[in-house]
Number of protein chains: 2
Amino acid sequence: MQDVKALLFDVFGTVVDWRGGVAREAAPFLAAHGLGQVDPAAFADAWRRRYQPAMEAVRSGRRPYTRLDVLHRENLEAVLRDHGLDPATVPEAELAALNLAWHRLDPWPDSVPGLTRLKRVFVIAPLSNGNIVLMLDMAKRAGIPWDAILGAEVARAYKPTPEAYLRTAEVLALAPAQCCLVAAHNGDLKAARACGFRTAFVARPTEHGPGQRSDLHAEEAWDVVATDFEDLATRLGV
Amino acid sequence: MQDVKALLFDVFGTVVDWRGGVAREAAPFLAAHGLGQVDPAAFADAWRRRYQPAMEAVRSGRRPYTRLDVLHRENLEAVLRDHGLDPATVPEAELAALNLAWHRLDPWPDSVPGLTRLKRVFVIAPLSNGNIVLMLDMAKRAGIPWDAILGAEVARAYKPTPEAYLRTAEVLALAPAQCCLVAAHNGDLKAARACGFRTAFVARPTEHGPGQRSDLHAEEAWDVVATDFEDLATRLGV
């Protein structure tokens, strides 16, 4: 890790609690539209289940690069239909506001203090599939002190496509081995490692709620394994 | 200006003193290579004179998008040859270090205090022809509190090409009229206004040294005319 200059962060799940934040924002919407019996956290899960398939259309080349805000909106309309609500009957401003739930996610309690420490020594930036203004709004609201906003929109490629990692290193004028991906997801780290990145795993055992069964532990010998971002800073000597 | 959500900043000359910074970094290099008689500020001017022609090759389509660090390096080699120094005789590490002079420019004294105030109310980001890592290194060294780093590399277009402004607004999910360019250069503001941006002029009367004759005054009725970034913040009610 001594050559690492930049820490690049997965964001949804790793830096912020997407499930809790989306559920919080969805709850009043669901209640107002006759879906008060729907569990807002289950609604967040259903919305999120459409995330990977939507990006896969771009990764496979079936669709040109389309920013995540647009995919989220399409997925929102689909999940509302799945719940028996025709999105055409909902005022546009309400759909637009709910879609921005992803811009208003809260960081895990250790995220901002840990990033603030890490920023003293490393370049810190998101390497998320979230688009630039999504990351910007989230950071501004929550005080996340990124040095720059990188990721899918700058690379014009969605993780885990190799270009998402390699173009991020290139933009930073760094070799892949000078970059470390920090993520709560073994699959993301595996793809980054295949590109030559260093890897740091931080478990987020409640990302998917109390019954989470995936990504509870490091599944490979990642370069660093930390319990949270403060522990990551300590392990990196910051 | 009441609809403006984002302030986008020209950087070289507007936020930072490129001439003084490049001269400071060039002075020991020139002395070490038998060019101690060359005025470092004049050397900075000579290097900068190759800036617009180099970008014009990209703007005209004769060359694909090439980041400014690469153009700066080509221009450095050319200007050394103009001064009778063959760059092939200079160690690579010294050329690379001098090229990074542009990453180590100092802000004008009012820049960081003004930006810190403006950030409370507006999204603030560079809309510079400088590439991402150049802006990032500069901001990290000088404490410039950007919300994101936008500009030519994100837009894949050099100002004053319309795409440089329009794609920046699109990335921010804003209409051009919700964006205001802040610049010390009337030409940049004219191009931004033609794209529908709001405009703010801040005079930087010593950007080109004590004998500066261009851009001393607002040449059109820009939406805001301020004496410095603190004055800009005050005029915008921050």
Side-chain angles (χ1 to χ4, degrees), chain A residues 5-8 11 65-70 72-73 96-97 99-100 102-103 115-116 118-128 130-156 167-175 178-179, chain B residues 5-8 11 65-70 72-73 96-97 99-100 102-103 115-116 118-128 130-156 167-175 178-179:
Chain A
K5 306 285 185 218
L7 301 177
L8 289 314
V11 173
Y65 173 77
T66 305
R67 72 175 106 172
L68 190 60
D69 275 336
V70 173
H72 272 157
R73 173 60 186 263
N99 202 47
L100 292 178
W102 299 90
H103 295 223
L115 286 166
T116 302
L118 292 162
K119 180 173 174 153
R120 289 182 212 139
V121 171
F122 298 98
V123 168
I124 59 167
L127 202 179
S128 166
N131 49 297
I132 293 172
V133 71
L134 190 168
M135 291 290 131
L136 188 163
D137 285 347
M138 178 195 288
K140 206 162 169 80
R141 174 179 173 279
I144 305 174
W146 301 127
D147 286 312
I149 293 180
L150 304 177
E153 191 169 11
V154 174
R156 311 291 287 184
R167 288 184 193 149
T168 298
E170 189 191 16
V171 159
L172 290 169
L174 295 176
Q178 295 175 297
C179 299
Chain B
K5 306 286 186 215
L7 302 177
L8 289 315
V11 173
Y65 173 77
T66 305
R67 71 175 112 175
L68 190 61
D69 276 335
V70 174
H72 273 157
R73 173 60 186 264
N99 202 48
L100 292 178
W102 298 90
H103 295 220
L115 287 166
T116 301
L118 291 163
K119 180 174 174 151
R120 286 182 215 141
V121 172
F122 297 98
V123 167
I124 60 166
L127 202 181
S128 166
N131 50 297
I132 293 172
V133 71
L134 190 168
M135 289 292 130
L136 188 163
D137 285 348
M138 177 195 286
K140 207 163 169 79
R141 174 180 175 277
I144 305 174
W146 300 128
D147 286 311
I149 294 180
L150 304 177
E153 191 169 9
V154 174
R156 312 292 286 183
R167 288 185 193 148
T168 298
E170 189 191 15
V171 160
L172 290 170
L174 295 175
Q178 294 175 297
C179 299

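Naming convention: chains lettered A, B, ... in sequence-line order (proteins, then strands); numbering from 1 in each chain.
Identified by a heavy-atom distance below 4.5 Å to chain B, the contributing residues of residues 136-144 of chain A are Leu136(A), Lys140(A), in residue-number order. For a heavy-atom cut-off of 4.5 Å, chain A lies close to Asp147(B), Ala148(B), Ile149(B), Leu150(B), Glu153(B), Val154(B) in residues 145-155 of chain B.
Enclosure of atom NZ in Lys5(B) is not indicated, since only 12 or fewer non-hydrogen atoms of other residues, nucleotides or ligands lie within 6.0 angstrom.
Note on Leu134(A), Ile132(A), Leu174(A), Asp69(A): by heavy-atom pairs under 4.5 Å with chain B, the leading option is Ile132(A).
For Arg156(B), no part lies under 4.5 angstrom from a heavy atom of chain A.
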